[in-house]
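These notes are about the structure you will find just below.
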Amino acid sequence: METGFIEEENRKNNFIKNIIAEDLEKGKNNGNMITRFPPEPNGFLHIGHAKSICLNFGVAQEFKGKCNLRFDDTNPAKEDQKYIDSIISDVKWLGFNWGEKIYYASDYFNRLYDFAVELIKKGKAYVCGLTAEEMRDYRGTLTQPGKESPDRDRPVAENLDLFGRMKNGEFEDGTYVLRAKIDMASPNINMRDPVIYRIKKMSHPRTKDAWCIYPMYDFTHGISDALEGVTHSLCTLEFQDHRPLYDWLLDEVSAPCHPQQIEFARMNLNYTVMSKRKLQKLVENGHVDGWDDPRLPTIAGIRRRGYTPAAIRNFCNIIGVSKKESRIDVGLLENCLREDLNEVAPRVMAVLNPLKVTIENWSEAGITEELDALNHPQKPEMGKRKIVFSKTIYIEHDDFMENAPKKFFRLAPGREVRLRYAYFITCKDVIKDKEGNVVELICTYDPATRGGDSPDGRKVKGTLHWVSQEGSVPAFVNLYDRLFLAEDPEAENDDFTKNINPESLVRLEGCLVENYLVDAEPEKAYQFERLGYFCADSKESSKEHLIFNRTVTLRDTWAKVSQK
RNA sequence: UGGGGCGUCGUCAAGCGGUAAGACACAGGAUUUUGAUUCCUGCAUUCGGAGGUUCGAAUCCUCCCGCCCCAGCCA
């Protein structure tokens with residue numbers, strides 16, 4: 001696993017770890033420790049899921065227990081094999097192992113059915129014939145208790161018969177459900193005789209047409225946990241109200257054990273949206289280019305953007321786990337990214353917006369010279385490479401200013417700068433087009449400064465990145481920025497898509513990158529010196545048509561200063 | 001106005017009766033062939049508010065205020 005830093009160290013404590021550590025110390029669960037990551041295969045994973053993944057797999061690793069990857073596939077209406085596949089690939093990419101076996105709630109359908117029968121026999125569940133609307137009516141409201149279903153006291157034998165016939169497909173969708181018999185007057189609405197099985201004559205991605213009744217989440221989840229010997233069932237805050245039901249079910253049924261459900265706050269990031277529905281809207285309405293659009297917080301998206309698993313893992317560790325609802329600054333995520341990329345990304349040079357520079361005193365066009373460049377100035381072990389210098393080179397347009405202020409440490413008429421790993425050059429002349437745009441610079445170089453050092457000890461304020469005509473190839477570059485302008489895009493109740501940043505993607509053509517980059521592997525991070533971290537796009541880049549995605553910029557204090 | 005949660009620096013977040021960790025951000029400074037990195041320095045007399053208990057409270061008690069979640073045959 002490639003990591004640029006020791007992430008095992010300094011793992012933060014949180015209340016969940018404290019509980020687990022205490023349980024282990026007391027010898028609870030015979031000293032076992034098992035968690036699970038239970039996604040429903042009805043969409044793509046996003047960075048919010050990464051928090052749960054890192055938490056569940058992380059504590060398992062740390063306490064020498066295990067974490068099961070279990071698909072909560074109880075609703076064939078929404079689920080699909082393609083989601084199962086993408087989730088598996090995302091979890092793997094994040095760097096976690098789930099052992100030999102992947103678990104599926106659907107593998108427990110037979111046992112779940114038996115547990116339901118057990119509940120019926122105990123008089124703790126009944127088949128209810130209320131319609132969905134009637135049921136809503138009978139449920140009561142937040143402030144008023146519900147009414148009992150007329151079927152609530154149906155005899156056990158009849159319930160058993162009806163449930164069996166539900167299973168055999170004798171009834172249409174919606175005609176009957178199986179309900180737990182708890183308390184219609186409970187202040188907790190989840191306890192007002194919740195539905196635990198419904199009829200859905202629908203093919204399931206895994207069990208195909210074997211079933212036409214499917215268990216509900218509440219019934220399935222706790223029992224699945226128990227069947228797997230899960231000790232700590234970690235979930236998000238909205239399930240707190242379900243905990244009494246989770247516990248009731250496990251108490252009433254002959255489950256092998258009784259896992260402890262612990263809730264934590266889900267992750268929110270500013271300048272983005274995280275809900276499945278909203279992400280879907282962005283994709284479907286074409287605001288972005290698919291689920292793996294590099295601007296999306298999906299795992300597939302940030303991966304394509306160039307984020308590394310190590311950075312994400314570190315981020316999840318840094319933000320901690322608590323029960324407080326929060327919105328984390330993406331800056332924190334970007335910082336974790338830079339921290340990792342700074343260690344692992346080789347340095348190269350690329351000019352995004354080229355300005356031609358002719359070296360007046362260079363012998364002649366076509367004569368080239370090879371110079372050494374370090375792949376990572378702080379890590380000589382990463383080696384060096386050759387870069388080509390010649391009479392015609394290109395620098396970043398922004399690195400030249402005709403009427404430059406004193407603090408501008410770059411090129412300007414009469415000023416001298418260093419071209420990284422090459423020579424000092426001095427700007428002698430500025431060539432403009434009819435509109436007055438600067439189109440070319442005429443400079444001289446100092447042959448004594450080869451490599452970038454001046455033998456006479458002469459100092460120069462700025463060092464520019466550059467590329468030569470012979471040493472570069474054209475490329476397209478996608479400049480990605482935050483997808484939304486608003487910190488909380490969904491704050492106003494009207495259309496959140498109105499907050500989309502029109503410049504979240506700026507496509508650049510005519511960029512020039514070092515020849516070295518022709519073989520850039522997709523998703524592999526490179527630092528384009530002085531610009532940021534980039535990677536070749538995994539979907540569209542090719543040797544003949546290079547496309548780089550900007551993963552994140554370098555910290556830029558000059559930009560901050562110059563704006564003032 | 002039923003029930004369940006949550007409120008510690010701009011953003012996360014430790015703290016669990018002994019006198020406010022850390023990270024990011026921010027502000028200074030040093031080093032630098034990336035205005036990057038790295039390295040120093042500073043940054044909550046105060047923990048939603050008000051009372052109370054205590055020698056001592058962010059931590060315990062009371063009341064109040066604010067925010068989030070729940071009325072799917074979704075998860």
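In what follows, chains are A, B, ... by sequence order, proteins preceding strands, each numbered from 1. It should be emphasised that the depicted structure is a prediction, and the values quoted were computed from it without experimental measurement.
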Classify the nucleic acid contact of [X] as base, sugar-phosphate or nothing, counting any heavy atom under 4.0 Å across all strands shown.
X        : result
A/Thr141 : base
A/His221 : nothing
A/Val195 : sugar-phosphate
A/Pro145 : nothing
A/Glu263 : nothing
A/Ser186 : nothing

Worksheet item: Below 4.0 angstrom, N of the basic side chain to O of the carboxylate: do A/Asp225 and A/Arg70 qualify?
Response: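 Looking at A/Asp225 and A/Arg70, the cut-off is met.
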Who pairs with [N] - Watson-Crick or G-U, where each distance is under 3.5 Å:
N     : answer
B/G66 : B/C6
B/C43 : none
B/A57 : none

Worksheet item: Distance between the P atoms of B/A27 and B/U19, in whole angstroms?
Response: 33 Å
Worksheet entry | Distance, rounded to the nearest Å, where A/Tyr421 contributes OH and B/U32 contributes P | 16 Å
